[in-house]
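Each remark here refers to the structure printed beneath this line.
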Amino acid sequence: MTVAIPAAARPRRGRNTLYIWLFLTPTVLLYGAFTVYPIAGSYIYSFTDWNGFDASPSFIGVANYREVLADPMFWSSFRLTLTFMVFAVPVQVLATLLLAIVLNSPRMPLRKLFRTALFLPVITTTAIVGVVMQFVFDPASGPVNLALREAGLAPDGIDFLGQSSSALGTTIAVYVWKWFGITLVYWLAALQTVPNEVYEAARLDGAGALATLRHITVPLLKPFLVIITLLSIEASLQVFDLVLTMTGGGPFYSTEVIEVYIYRWAFAATIPRLGYASAAAVLFGLFVCLVGLFQLLAMRATRRTRSAA
């Protein structure tokens, strides 16, 4: 059934549409200038040989892509990116789930205070966190090494960020701590969807805390587990600012994830190669798009499962 719009209401509707576009214009312009244009530019420059200083780039076709795919350092950075994701995501997702269950209990004292304290690192600028962590893990005077010396565990101190064996693990630990609060909020929101009547029925049947967790909470949270895990995977691929400020990709490229690899060729090299860096960025962007596509398909499958249930 089609509803006719009164003639008197049409001018008002037209003015409202004009106002909407008027207020959206600054956002559209800024988004186009700082997001759409750089992305399009990366695709264009990836087919050129350009150092950023010459007046006109030289078109070289897919030579940059062949060189990137043949570079062992690119695949090493890709492996480090996946390693970062594989270790950070499970710890972040599972640890926040267990803590969210504890903080969701009304019998937990000071639960609001704990929620706020755990969320504070999220609103802190990542670059500042990286710089501060350099002092925190300083082998000579950092509080972590001072505590280890006082406990007699490391009399000579440990150079957490200066050794290849510990730099990546330390960076992952800081990343999990930094974004722990946002994943915790996801789980707390998911727990609000579980009806209290279900828990009350379980208590009346004599179910303990572990049985309730295993047979009620976890099964009802499975759809959210898929979504939260995929969101965490996508976020773990965007660690440029933390890695750059904490380690700069070192020592000996042991923490050089793909984003830092791209930055090194584009801005930190003696002779910048923006075309080469753009090709690496395009390949990494395609990988992120595949992750996003997988996320979309998983979310649709989750909705179908919930609808069928």
Side-chain angles (χ1 to χ4, degrees), residues 81-126 129 133 169-205 207-239 241-242 288 291-309:
T81 302
L82 293 181
T83 302
F84 197 104
M85 177 187 69
V86 167
F87 282 94
V89 172
V91 173
Q92 186 176 1
V93 172
L94 296 179
T96 51
L97 171 59
L98 296 176
L99 190 57
I101 293 173
V102 174
L103 294 178
N104 192 58
S105 174
R107 292 177 292 180
M108 175 67 185
L110 303 176
R111 58 177 184 160
K112 292 184 178 179
L113 177 63
F114 287 118
R115 290 180 184 181
T116 304
L118 290 168
F119 192 78
L120 282 177
V122 176
I123 62 177
T124 306
T125 304
T126 307
V129 170
M133 287 302 164
T170 304
T171 307
I172 292 173
V174 173
Y175 170 84
V176 172
W177 168 80
K178 170 72 171 69
W179 298 108
F180 194 89
I182 192 67
T183 313
L184 179 66
V185 170
Y186 293 156
W187 281 122
L188 288 171
L191 287 168
Q192 303 306 311
T193 64
V194 181
N196 290 327
E197 293 80 5
V198 178
Y199 290 124
E200 293 175 0
R203 283 193 293 268
L204 291 176
D205 290 339
L210 291 178
T212 302
L213 174 64
R214 179 182 177 185
H215 298 290
I216 295 177
T217 305
V218 173
L220 291 176
L221 291 180
K222 280 184 179 179
F224 298 98
L225 175 63
V226 174
I227 296 172
I228 293 173
T229 300
L230 291 172
L231 288 174
S232 300
I233 288 174
E234 193 171 343
S236 68
L237 299 174
Q238 304 170 21
V239 293
D241 43 3
L242 182 65
V288 174
V291 173
L293 178 61
F294 181 73
Q295 176 183 353
L296 179 62
L297 295 176
M299 291 177 66
R300 288 183 176 177
T302 301
R303 291 194 189 100
R304 285 197 297 266
T305 303
R306 295 187 66 182
S307 301

A88 and V176: which non-hydrogen atoms are nearest, and at how many Å? O-CG2, 3.9 Å

CG of L94 to CG of L225, rounded to nearest 0.5 Å, is 7.5 Å

Test side chain to side chain donor-acceptor pair (under 3.5 Å) applied to T170 - qualifying residues, sequence neighbours left out: none

How close do V89 and S236 get, heavy atom to heavy atom, and via which atoms? CG2-OG, 3.7 Å

Would you say the side chain of T193 lies within less than 4.5 Å of the side chain of F224, judging by non-hydrogen atoms? yes

Any side-chain heavy-atom pair from N104 and V194 closer than 4.5 angstrom? no

Between the CG atom in L97 and the CG atom in L188, the distance rounded to the nearest 0.5 Å is 10.0 Å

Does any non-hydrogen side-chain atom of V91 lie less than 4.5 Å from one of I172? no

Any chance you could measure I227, atom CD1, to Y186, atom OH, to the nearest 0.5 Å? 11.0 Å

Enumerate the side-chain hydrogen bond (donor to acceptor under 3.5 Å, both in side chains) contacts for residues 89-102, please, sequence neighbours excluded, ordered by first and then second residue. Q92-T183, T96-W187

So how far is it from M85 CE to Y175 OH, rounded to the nearest 0.5 Å? 11.0 Å

For residues K178 and T125, report the shortest heavy-atom separation together with the two atoms involved. CE-C, 4.4 Å

Quick check for you: to the nearest 0.5 Å, what is the distance between L99 atom CG and R115 atom CZ? 10.0 Å

Side-chain touch L191/T217, heavy atoms, less than 4.5 angstrom: yes

Going from CG on L103 to CE on M108, what distance comes out if it is rounded to the nearest 0.5 angstrom? 5.5 Å

List in chain and number order the residues that pass side-chain contact (heavy atoms from CB on, under 4.5 Å) with V122, two or more places apart in sequence or in another chain; answer none if no residue qualifies. F119, W179, I182

Using side-chain heavy atoms (C-beta onward) and a distance below 4.5 Å, is F180 in contact with P121? no

